[in-house]
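Take a look at the structure set out below.
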Amino acid sequence: MTDLDTRAAPARLGALRRAAPALLGYAAVRALGLVVLALWSAARGKDAYTLLTARWDALWYTRVAELGYGYEVRLPNGDVHSNLAFFPLLPWLERLVAAVSPLSYADGGFVVALLASLAAAWGIFAVADHVYGPRAGVCAVLLWAVLPVGIVQSMAYSESLFTALAAWSLYAVLTGRWVTAGVLASLAGLTRPVGLAVVAAVWTAGIVSFVRDRSAPVTHGARTGPGAPGGTELRRAAAPDGARASPSAPVAAEGAAPGVRPRRVLGLLLAPLGAAGYVLWVGHRTGNGPLGYLDVQAGWRNGFDGGYAFARFVAEKFTSFPSALAGLGLTLGVGVVVWLYVICVRQRQPLPLLVYAGVVTALALCASGYFGSKPRLLLPAFPLLLPLAPALARLRPPRSALLVGSVAVASAVYGAFWLNGSGPP
């Protein structure tokens, strides 16, 4: 082993030990959700595993893994549902699992989802720990785990895989690992259309870093402005053990380190390759040019209209009772999401987190179709939970444990009810 390998191994073990409480708490919440789902499904004569691995999008991903692209369903109204709408990384991983094990493609999707959800939880902890400290990091992970649609994190869907790649890409940006950030952003772009949000975060952080390098060159030991992306871990070293400076505290500029700018450029060039490559391939395959993927989405009646269709959908709920209650709930839900984002801005979260959460939220709320999917589409927007994490961390442990436990039970019951009913589309 080299000296670098010798130093890296303890560092990885130390990071895992630091994240262990968050990962154990996350695993406990998800286990509770799966147990409640199994009991609820059995009482209704349904198979919980089938609900997790062979429904809605999970079936489309499995079909891509087994047969490749080219499958489509033509509906009586003329719509064409093509499996080209589904990005390829999850099916590739399902195929890999099936190739190296006796598991089926659906089993592979479930395994990938479970492992990716743990990786996502660790990534969320790493980001929150970097910004707010370890206790807030644990709380951020638990908040993500107990979301009402948290059961999706254990389904053979792509949300967990995407969130894992996005969280670690953002962490890489925050800690100045530009090539790693670019590679992970590219993989996120191969996972879901919202990979655009990760690319936007990486590019925004990179451009701001270049601008700061040009406008305020620094020497060794100098510091940049608040929340500078790409900073080193000096903030952690400077703070007492278990403490953390505020998210707006200055961090050391990495622009002075030799070779940083080429790595930054390489990271920015790598970031969009996944999404751009797949979109261009779809356009070539369909013969509709670079925007061919938009035609595929149009066949699903999905697009971006700035939220007009969703606003009409919500407004129509208020035309009768009791649907008006659903309209009120949707309005309050959107209001909470917007309020949380405003709090993120006011707390001066690092710019990459703000850009990422903003793009994910905009794409989810302003899509023109699949209104019932919007809570699921917001699942990767974990930075919205970060303002709540420090507040939860400040509570006394018994009180915070009781609060999180109660919400976890409610989330598990809702997830079982939802999955045995209409959701998730």
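Note that the structure is a prediction, hence the values are computed from the model and not measured.
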* Asked: Can Asp213 and Arg264 be counted as an ion pair, charged N to O under 4.0 angstrom?
  ->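 Looking at Asp213 and Arg264, the cut-off is met.
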* **Arg312 bridged to Asp305 by N-O distance under 4.0 Å** =>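 Asp305 and Arg312: not salt-bridged.
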Spell out, as yes or no, whether a donor-acceptor pair under 3.5 Å connects the side chain of [X] to the backbone of [Y].
| X | Y | answer |
| --- | --- | --- |
| Ser160 | Gln153 | yes |
| Lys374 | Ala367 | yes |
| Ser117 | Ala113 | yes |
| Ser169 | Leu165 | no |

* **side chain to side chain contact (heavy atoms under 4.5 Å, CB included), paired with Tyr49, selected from Asp107, Leu37, Leu34** =>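 The passing option is Asp107.
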* To do: Evaluate ring pair (Phe, Tyr, Trp, His ring centres under 6.0 Å) for Phe87 paired with Tyr293, printing each intermediate quantity in order.
  => CA-CA 11 Å; Phe87 278 50; Tyr293 183 77; 5.3 Å; yes
* To do: Measure the CG-CG distance between Leu190 and Leu90 for me, rounded to the nearest 0.5 Å.
  =>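 Answer for the CG-CG pair, Leu190 versus Leu90, is 12.0 Å.
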* How far does CG of Leu395 sit from CZ of Arg135, to the nearest 0.5 angstrom? ->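 Answer rounded to 0.5 Å: 8.5 Å.
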* Anything under 30° is parallel, anything over 60° is perpendicular, the rest tilted; go ahead and classify Phe313 against Phe310. =>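 Phe313 vs Phe310 ring planes: parallel.
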* To do: Would you please classify the geometry between the His81 ring and the Trp300 ring as parallel, tilted or perpendicular, with 30° and 60° separating the classes?
  =>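 Correct class here is parallel.
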Side chain proximity check, [X] to [Y], heavy atoms < 4.5 angstrom:
| X | Y | value |
| --- | --- | --- |
| Phe86 | Arg63 | no |
| Trp178 | Ser209 | yes |
| Leu340 | Leu388 | yes |
| Trp122 | Trp168 | yes |
| Phe162 | Leu379 | no |
| Val131 | Leu353 | yes |
| Leu419 | Leu52 | yes |
| Leu354 | Pro383 | no |

* **Taking every non-hydrogen atom, the tightest pair across Thr163 and Phe382** =>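 The answer is CG2-CD2, 4.2 Å.
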* To do: Decide side chain to side chain donor-acceptor pair (under 3.5 Å) for Tyr341 and Thr361; before the verdict, give the C-alpha distance in whole Å, the side-chain angles of both, and the deciding distance to 0.1 Å.
  => CA-CA 9 Å; Tyr341 187 75; Thr361 302; over 6 Å; no
* Asked: Hey, which of Asp47, Asn420, Thr50 is the one that makes side chain to side chain donor-acceptor pair (under 3.5 Å) with Ser41?
  ->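 Only one of Asp47, Asn420, Thr50 forms a side chain to side chain donor-acceptor pair (under 3.5 Å) with Ser41, namely Asn420.
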